[in-house]
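To keep things clear, I will list the structure first and then write my remarks on it.
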2 protein chains.
Amino acid sequence: MPGPRFTLDRSSPVPLYFQVAEQFERAILDGSIAPGERIDNEVSLAADLGLSRPTMRQAIQVLVDKGMLVRKRGVGTQVVHGKIRRSVELTSLHDDLSAAGQQPHTEVIAVGKVPADEDVARELQLSRGADVWSLERLRFVDKQPLALMHNFIPVDVVDLDAVDLAETGLYAHLRDCGIVMRVARQRIGARGATVDEGRLLRERKGAPLLTMQRTAYDNAGRAVEYGRHAYRPDLYAFELTLVDR
Amino acid sequence: MPGPRFTLDRSSPVPLYFQVAEQFERAILDGSIAPGERIDNEVSLAADLGLSRPTMRQAIQVLVDKGMLVRKRGVGTQVVHGKIRRSVELTSLHDDLSAAGQQPHTEVIAVGKVPADEDVARELQLSRGADVWSLERLRFVDKQPLALMHNFIPVDVVDLDAVDLAETGLYAHLRDCGIVMRVARQRIGARGATVDEGRLLRERKGAPLLTMQRTAYDNAGRAVEYGRHAYRPDLYAFELTLVDR
DNA sequence: CATGTCAATATGTCAGGACAAAGGCTTGAC
DNA sequence: GTCAAGCCTTTGTCCTGACATATTGACATG
């Protein structure tokens with residue numbers, strides 16, 4: 001618990017509490033602080049670094065939210081475990097795979113304007129039959145088909161024409177257009193593959209697929225994207241870390 | 001934004017920030033504050049209620065974490081959307097269903113001590129072959145089989161003999177024994193049903209099933225439970241709300 | 001030996017103030 | 001008319017200080 005000496009850069013634009021949290025996280029991940037070990041109390045940690053207790057507390061809170069630390073009143077704060085897999089976040093599969101060092105490859109199957117069906121209209125808060133962008137893509141990893149993705153986007157959100165979606169990824173393009181997604185509702189389920197899905201994903205009809213539907217909302221609470229995706233369950237799964245607060 | 005008048009009870013043991021958060025949440029859920037609407041700024045809200053700004057800020061943060069509010073620096077804080085389905089939490093299926101007003105019914109298929117296989121040993125941080133409790137249950141809703149649950153628990157965590165697990169639910173029993181689960185890692189996937197699973201869940205062999213594996217850790221970072229579950233995807237799905245912070 | 005009490009310790013909550021940074025709006029120069 | 005500078009509002013970060021409450025362990029008591 002004397003722990004590695006943390007360094008603070010007060011001239012950096014990075015908030016102090018975040019600098020501390022980052023270094024703490026590294027120390028936990030690389031094993032400098034063992035799981036189960038108690039860290040110093042907030043007051044002395046703050047004093048060591050020349051911070052106020054609320055700032056130190058805020059730094060610790062970041063890691064508590066991530067599930068790496070656990071507070072116990074009257075006792076102290078302990079490391080729960082070192083290896084925390086990345087939890088489900090508001091990112092796209094493209095980001096996920098790129099970050100994992102894999103070589104994703106995307107094939108655009110179809111893109112164009114279509115009238116919204118009942119599902120799409122409800123999720124995007126539009127009237128049924130309204131025009132929406134429809135985008136179907138097939139994602140590969142190592143030449144193997146991994147996911148079939150069908151996205152719907154209101155036409156007034158962004159223009160999808162003449163965009164190289166095979167390269168950039170949908171979410172990256174939306175970000176570039178100034179669309180900021182803040183909240184999303186996801187629903188994860190399973191079902192058998194249709195004939196078309198089977199052909200594209202190289203599975204037989206009826207083979208189990210992992211499905212995910214996601215509706216994403218921007219700053220203003222406007223629904224900006226609805227996606228229905230199907231994954232090959234032998235190649236993909238969702239991992240998440242739950243924290244009881 | 002003048003908003004409903006909130007009431008504070010300073011003699012209550014419930015923290016002030018939590019009282020405010022609760023009443024705010026109710027106002028959002030019942031539509032008193034419409035989605036997209038901006039709420040008052042933190043300073044004046046705090047002044048209205050006779051609170052300090054940090055306390056008011058903490059109250060708002062609770063709802064930001066839930067995905068109901070979105071902050072924008074220099075602009076204000078907005079309601080994103082009213083209806084937030086419960087996100088995935090550190091609770092059991094039994095709790096989930098009870099809360100939903102359904103009538104869950106559980107059948108214990110098998111319970112006893114077994115040697116840990118490779119998976120179980122790794123997840124529970126035990127040596128292979130060590131004795132663990134094995135508990136297989138089948139859960140029904142409205143007489144329909146919904147989930148097949150297989151849990152493993154280290155023998156030194158709790159005694160599972162002579163417990164009516166059909167009634168109480170596993171997690172409730174663990175809570176009663178003083179086991180507090182703080183963090184859990186989940187992995188959600190899909191696969192085809194085995195013959196045995198098909199028989200119990202009344203599906204044919206190879207029918208798509210939604211699967212979830214969960215390892216739960218207690219305060220000390222000790223793995224206290226590992227579960228492999230299979231759900232009928234026509235009756236169950238995982239919903240979660242993601243928030244970008 | 002069991003049990004209740006008390007003190008030490010650590011986190012939980014709350015107040016009040018200060019300045020920084022970002023977004024939106026107005027104003028002014030060109 | 002357009003674009004940039006500057007002002008205002010609002011949230012973001014950080015400080016100091018205080019008291020409340022839960023946990024643990026030592027100690028006294030039955």
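Letters A, B, ... are given to chains in the order of the sequence lines, protein chains preceding strands, and every chain is numbered from 1.
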Whole-Å distance separating the CD atom of B:Q78 from the P atom of D:dT10: 13 Å
Dot-bracket pairing map - DNA chain C, Watson-Crick plus G-U, both contacts under 3.5 Å, | cross-strand: ||||||||||||||||||||||||||||||
Results of side-chain contact (heavy atoms from CB on, under 4.5 Å) for A:A34 - residues two or more places apart only: A:E37
Output field: ring centroids A:F238/B:F238 closer than 6.0 Å: no
Qualifying salt bridge (Lys or Arg N to Asp or Glu O under 4.0 Å) pairs, either residue in residues 49-59 of chain A, two or more places apart: A:E42-A:R53, A:E42-A:R57
All ring pair (Phe, Tyr, Trp, His ring centres under 6.0 Å) counterparts of B:H150, not counting sequence neighbours: B:F152
All ring pair (Phe, Tyr, Trp, His ring centres under 6.0 Å) counterparts of B:Y226, not counting sequence neighbours: none
Residues forming a side-chain contact (heavy atoms from CB on, under 4.5 Å) with A:A116, sequence neighbours excluded: A:V120, A:A121, A:V132
Per-nucleotide protein contact string for nucleotides 9-15 of chain C, where B marks a base within reach and S marks sugar-phosphate only (heavy atoms under 4.0 Å, - for neither): BBBBBSB
Residues that B:D9 engages under side-chain contact (heavy atoms from CB on, under 4.5 Å), provided they are two or more places apart: B:S11, B:S12, B:Q19
Qualifying salt bridge (Lys or Arg N to Asp or Glu O under 4.0 Å) pairs, either residue in residues 216-229 of chain A, two or more places apart: A:D117-A:R228, A:D119-A:R228, A:D218-A:R222
